[in-house]
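Notes follow the structure.
Values below: every heavy atom of this structure, side chains too, minus hydrogens, waters and symmetry copies.
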Amino acid sequence: MSSRSRRNRNINYDSEEEEAGPSKRTRGRQNNTETSRPVKRSRREPVESSDSSDSSQEELNIQSSSLADKTVKKMSTEELDRKVKEVVRLALACELRKVPLRREEVVRKVLADHSRAFPVVLSKAREKLSDIFGMDLVEMPTKEKPTSARRRVTKKENASAKSFMLRNTLPKKLREVNLINWDKNQELEKMGLLTVILSLIHVNGRILSDDQLNHYFRRLRLGDEPLNTTKLIATFIKQGYLNKQKVTAIENSRTSEKDPVEYRWGPRAKIEFSESSICDFIKGVYGDDALPDLPKQIERASGLEFKM
Amino acid sequence: MTSSYANAHRLFLQASMSERFFTETKAIEMYKKAYLANNVRRPTETFQEFIASINQKLNTIDMEIRKSHDETDGTPVWALVNTNGDEISKLVTEYTAVEISYFKHLIELIVTADYEEFSVSSITALREASKLKTSITKSAAESLLQKFVEDKWLILSKNGKYSLSQRAILELQVYLKETYEDNLIECTLCYDIITKGQRCDVQQCKSRFHHHCSRNYFASQTEKVCPSCKIAWKESNVIGEDNNNKSKGGSSRRKNKRATAVTREGDEEEEEEEEIEEVVAEEEDERDY
Ligand SMILES: [Zn+2]
Ligand SMILES: [Zn+2]
């Protein structure tokens with residue numbers, strides 16, 4: 001191990017770099033276009049000061065390496081530790097409100113000038129979360145966009161639009177344990193309704209129109225009392241459990257229905273609920289009446305042509 | 001690894017995360033259930049050891065499970081708290097910038113209340129809402145106050161006065177101590193922040209006891225006198241709302257403090273404006289989501 005890589009060992013920048021794409025050399029330039037702030041700052045700061053023994057060698061190295069590497073190297077171990085802590089707490093706070101932790105938010109609130117250290121900080125934060133809480137910080141699946149309607153997104157926008165959420169990684173048996181006797185069963189009721197909606201979407205070819213959903217609500221006698229379904233659905237959308245999409249003209253003619261909006265599983269649902277858990281839920285609803293080929297039926301009803 | 005940290009601890013922590021603030025009875029129940037869920041009939045650690053193991057881990061991310069006593073009735077309570085003073089930023093995730101700004105104003109009114117009343121009347125609280133830079137309507141303020149009470153940040157008394165809840169004292173401790181160093185007082189028995197309790201009859205004496213601390217202390221004493229000045233202790237001399245400190249010529253100690261608080265507020269308003277912009281941008285993003 002060279003002295004340089006040894007010094008970087010704690011930071012592990014290269015090995016953690018997960019965004020495919022530009023080579024080391026071009027990363028600096030990319031950084032430059034992403035935001036001008038870190039670059040300006042790093043110019044003002046003295047170039048590499050921690051090691052004096054082979055400073056001339058170091059300078060040569062720096063000239064040939066990218067600005068990105070320099071940005072990460074400047075972060076002391078304490079600074080890195082602090083940023084990891086902050087990301088951990090930010091992730092916990094987001095989870096409490098069930099909103100995604102966005103890469104952009106981490107950069108703005110925590111990393112600031114060290115935005116290129118994101119992969120390093122993220123992986124260290126994941127270690128902490130896993131060790132302490134038994135949770136993993138995972139990237140949320142991006143929402144499928146109707147290709148016709150949306151403009152092409154550039155790679156840069158894609159990277160900063162990344163968002164993350166916590167996933168419970170304790171054994172399944174433990175995940176089902178509820179240590180708290182909920183005083184208000186409101187939370188359970190809400191999750192119950194969500195499971196019903198997700199199941200309905202799943203067995204309807206993974207898409208459910210507004211009209212269909214309301215039809216089911218009427219059949220299930222879920223009016224506005226006691227659960228305000230409209231408000232709850234808005235919350236589920238906000239929390240990422242449901243995706244609501246306007247039906248575009250083309251799709252509309254294909255399905256020959258005139259429903260203005262339709263619902264799909266949101267990114268959070270895909271992480272927190274598995275298809276098998278939905279299957280179990282539906283089996284539970286049928287109880288003893290469940291036919292042995294129910295799982296097959298559910299699979300068929302979910303429509304394999306609609307790939308998630 | 002010899003560490004006893006295991007899934008029982010993680011399960012307990014996950015539960016405390018969603019609960020944030022719970023009684024000790026509940027904490028012990030959670031601790032037992034956490035072991036049972038892992039098929040451990042006899043916990044390998046006592047409750048104290050269990051909490052210590054968790055806190056050892058939590059310390060590495062500046063968090064802690066902290067014990068305190070509810071000021072109103074002395075019930076032992078626990079909360080998962082941040083220890084580095086950015087609790088207010090945690091609030092940002094629960095409320096909007098305007099709501100937090102209002103909450104901060106309420107804290108100010110409560111902590112700087114005259115005569116150690118540590119409370120604010122509904123009328124004053126509502127009037128304050130209109131004084132905010134981004135003022136909120138009376139009805140919005142009313143429902144917000146209700147939300148602060150529901151979320152256990154504030155307590156509403158029978159007489160319509162708002163005071164800090166034990167959750168607020170526990171979780172916002174660092175912020176409170178940093179911001180209102182001169183206004184906050186500590187219980188001279190347990191050294192925790194005190195906003196409801198008893199005080200010595202002598203104006204100059206600094207003795208202040210939580211009700212439950214007072215009860216515990218005098219239970220082991222032969223005489224009911226102030227430990228500091230030996231004057232007879234009167235339980236009717238209270239700290240908190242509607243006390244008689246004013247009639248006793250108590251000082252409206254906050255006058256000079258109020259001035260500094262106001263300058264501080266000037267800076268704060270600017271920060272708040274920035275925050276509001278951020279939050280607005282955030283909300284737009286979410287809608288887009
Ligand atoms: Zn005390
Ligand atoms: Zn005294």
For atom NZ of B:Lys67, decide whether the heavy atoms of other residues, nucleotides or ligands shown that lie under 6.0 angstrom number more than 12. yes
Need one label for A:Thr169: side chain, backbone, both or neither, based on atoms under 4.5 Å from any heavy atom in chain B. neither
With a 4.5 angstrom heavy-atom cut-off, could you sort out which part of A:Leu170 is near chain B: side chain, backbone, both or neither? side chain
Identify the two heavy atoms, one from B:Thr60 and one from A:Lys85, that lie closest to each other, and give their separation to 0.1 Å. O-CE, 3.1 Å
One should read off an interatomic distance between A:Leu92 CG and B:Ile61 CD1, to the nearest 0.5 angstrom, of 6.0 Å
Member of A:Leu174, A:Ile132, A:Asp131 meeting the side-chain contact (heavy atoms from CB on, under 4.5 Å) criterion with B:Arg10: A:Asp131
Do A:Lys173 and B:Asn7 touch side chain to side chain, with heavy atoms closer than 4.5 Å? no
Do you know which of B:Ile54, B:Asn38, B:Leu58 has the most heavy-atom pairs with chain A at a distance under 4.5 angstrom? B:Asn38
Which bit of A:Asp81 comes within less than 4.5 Å of chain B, counting heavy atoms only: side chain, backbone, both or neither? neither
Could you check whether atom CD of B:Gln56 has more than 12 heavy atoms from other residues, nucleotides or ligands sitting under 6.0 Å from it? no
A:Met135 side, atom CE; B:Gln14 side, atom CD - distance, nearest 0.5 Å: 4.5 Å
Interatomic distance, CD@A:Glu86 vs CG@B:Asn82, rounded to 0.5 Å, equals 10.5 Å
